[in-house]
Protein chains: 2
Amino acid sequence: MRYKRSPLMEERLADNRQRILVAARKLVATGGFRAAQIAAVAAEAGLSTGSIYRYFPSKSELFVEVLGEAVRHEVEILRGIVKSEGSAADRLRRAVESFARRAFEGPFLAYAFIAEPADEEVDAERIRARREFGNVFKTVLREGIASGEFPQQDADVASACIVGAFTEALVGPIGPTHRGERRREEVIETISLFCLRAVVGAAAAPARGSVRR
Amino acid sequence: MRYKRSPLMEERLADNRQRILVAARKLVATGGFRAAQIAAVAAEAGLSTGSIYRYFPSKSELFVEVLGEAVRHEVEILRGIVKSEGSAADRLRRAVESFARRAFEGPFLAYAFIAEPADEEVDAERIRARREFGNVFKTVLREGIASGEFPQQDADVASACIVGAFTEALVGPIGPTHRGERRREEVIETISLFCLRAVVGAAAAPARGSVRR
DNA sequence: AAGAAAAGTGAATCCGCATTCATTTGGTGA
DNA sequence: TCACCAAATGAATGCGGATTCACTTTTCTT
């Protein structure tokens, strides 16, 4: 009779797969893509290099999945904020702040996903990711424009600008130079205000209990 | 007696060096870093692979110089605009527009320099480049803030945001997807208005004879 | 418990390129 | 013109890693 995987086995396999993904993410988060060779991933996951290929057809596909997972998670959070209650401006600000804050928490991972050189396929995925982020912001933008809260503007371009703006501002502190912890909230606020003003077209009051000066 | 290079020879050597740089730039502009192997550069420059190493110690250094040259040129132009007459807002807008317009003209080169994966050293140079661009914008920002034309804000972060904003907005149209020629001026204007509003904190009128709608 | 098939292993391959180097080519000074 | 040295050449080498595969171990079926 044909071989059949027991549920236990099934689970162990799924577990291995997951462990590989986690190991890969961890390596990227720690030392960037450069540190994430297959051999290293295998060691981290407690498997042999050969085994990796039993779960993923190639290194690229593995990392595309790692990136994809992270992005899906991030987008979910942002979507949640965007769909929540409040003015378009407020939701936009909260989304930017939320993203920035998380980027500060996992700097290397963020850096790798935002800016570190990688191979073609992974890079294509990164571009897709940026587009997805952009789309989330585009949603709020459109709502704000429709409601008259924001002035008329090309939402595609403007949302790309938003993504670019906080991305770049974050890579500075995130990448080589680490600004001190103290400045962190200040940077986050500057970024979100920047985006807000850009879109609103007027000095947006810091609003609720945000950190000042 | 000791060997001495004739002026003619001297010139030919300098010429070769220059031709290598041009060849390298051309290849990057055409097919990105991926297409710019030493062998290809050599062929394009009409030399052998070995000869390249007579002029540059390594591939990385060659491309660092290529990038550096391009950046120096760009920064010069931007500096010129920043130092020209006019309100801070106007100079800022013109600088952004100028940069964006040139990026549209040489899309691949811009893409490669802005976003394409490359090796560590080249990438470090790219980061330096972004910082330089940022510094230019920081200058206007500071002036505008000092004069009260712009509201108080962290010029470091804000200038990074500006660079990031137009960079990202350009890589979209520049990279994989090419929006039609028609949208070009529109995109440029959206970008510069975005940056302007972000910094000024108020809807800035399109001013002079800029393209509308 | 034996045989069959899957899963796991890691040393050996393979590959793409940068880099080198033994030769050849061609300026340079006497 | 000769002897010599710099410059140019491009085939051969070296290298970092991904990928493979012959072999071992584990799991499943009867």
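So that the names make sense, note that chain A is the first sequence line, chain B the second, and so on, each numbered from 1.
Look at CD1 on Ile52(A): it is 14 Å from C1' on dG17(D), rounded to the nearest Å. For Arg54(A) and dA18(D), the CZ to P distance is 19 Å, given to the nearest whole Å. Atom-to-atom, CD of Glu11(A) to P of dA7(C) comes out at 15 Å; the value is rounded to the nearest Å. To the nearest angstrom, P of dA6(C) lies 10 Å from CZ of Arg5(A). Spacing between atom CZ of Arg17(B) and atom C1' of dA7(D) amounts to 16 Å, rounded to whole angstrom units. Rounded to a whole Å, the CG atom of Leu27(A) is 12 Å from the P atom of dA18(D). Put simply, CD1 on Ile38(A) is 15 Å from C1' on dT9(C), counting in whole angstrom units. Separating the CD atom of Gln37(A) from the P atom of dA18(D) is a distance of 6 Å, rounded to the nearest angstrom.
Looking at the side chain of Ser48(A), the nearest of the listed nucleotides dT19(D), dG10(D), dT9(C) is dT9(C). Side chain of Thr49(A), nearest nucleotide from dA11(C), dA6(D), dA8(D): dA11(C). Checked against dT29(D), dT28(C), dT20(C), the side chain of Met9(B) finds its nearest nucleotide in dT28(C).
For the pair Gly46(A) and Tyr53(B), both in contact range of DNA chain C, the more 5′-proximal nearest nucleotide belongs to Gly46(A). Heavy-atom distances to DNA chain C give each of Glu10(B) and Ala39(B) a nearest nucleotide, and the one nearer the 5′ end belongs to Ala39(B).
Regarding contacts with the backbone of dT9(D), a side-chain N or O of Ser51(B) is found under 4.0 angstrom from either OP1 or OP2. One finds no side-chain N or O of Arg12(B) lying less than 4.0 angstrom from the OP1 or OP2 phosphate oxygen of dA7(D).
Within the nucleic acid shown, Leu13(B) comes within 4.0 Å of sugar-phosphate atoms alone, with no base atom in reach, counting heavy atoms only. Heavy atoms of Arg34(B) sit nowhere under 4.0 angstrom from any nucleic acid atom. In this structure, Asn16(B) reaches the sugar-phosphate backbone alone: every heavy-atom distance under 4.0 Å involves primed, P, OP1 or OP2 atoms, never a base.
Neither side chain, Arg94(A) nor Ser192(A), offers a donor N or O lying under 3.5 Å from an acceptor on the other.
Between Glu143(A) and Arg91(A) there is a salt bridge, since a side-chain N of the basic residue sits under 4.0 Å from a carboxylate O of the acidic one. Salt bridge Glu76(A)/Arg72(A): absent, no basic N to carboxylate O contact under 4.0 Å.
Using a 4.5 Å heavy-atom threshold, the side chains of Lys59(A) and Ile52(A) count as separate.
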**Message:** For a side-chain contact (heavy atoms from CB on, under 4.5 Å) check, start with the C-alpha distance between Val122(B) and Asp119(B), then their side-chain angles and the critical distance, and finish with the verdict.
**Reply:** CA-CA 6 Å; Val122(B) 173; Asp119(B) 66 290; 3.2 Å; yes
**Request:** Mind running salt bridge (Lys or Arg N to Asp or Glu O under 4.0 Å) on Glu185(A) and Arg101(A) for me, showing each step along the way?
**Result:** CA-CA 8 Å; Glu185(A) 286 300 315; Arg101(A) 192 158 285 126; 2.8 Å; yes
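Annotation: Phe137(A) is not in aromatic contact with Phe99(A) [ring centroid separation under 6.0 Å not met].
Minimum heavy-atom separation, Asp123(A) to Arg126(A): OD1-NH2, 2.6 Å.
Shown for residues 55-70 of chain A: residues whose heavy atoms fall under 4.0 angstrom of DNA chain C, namely Tyr55(A).
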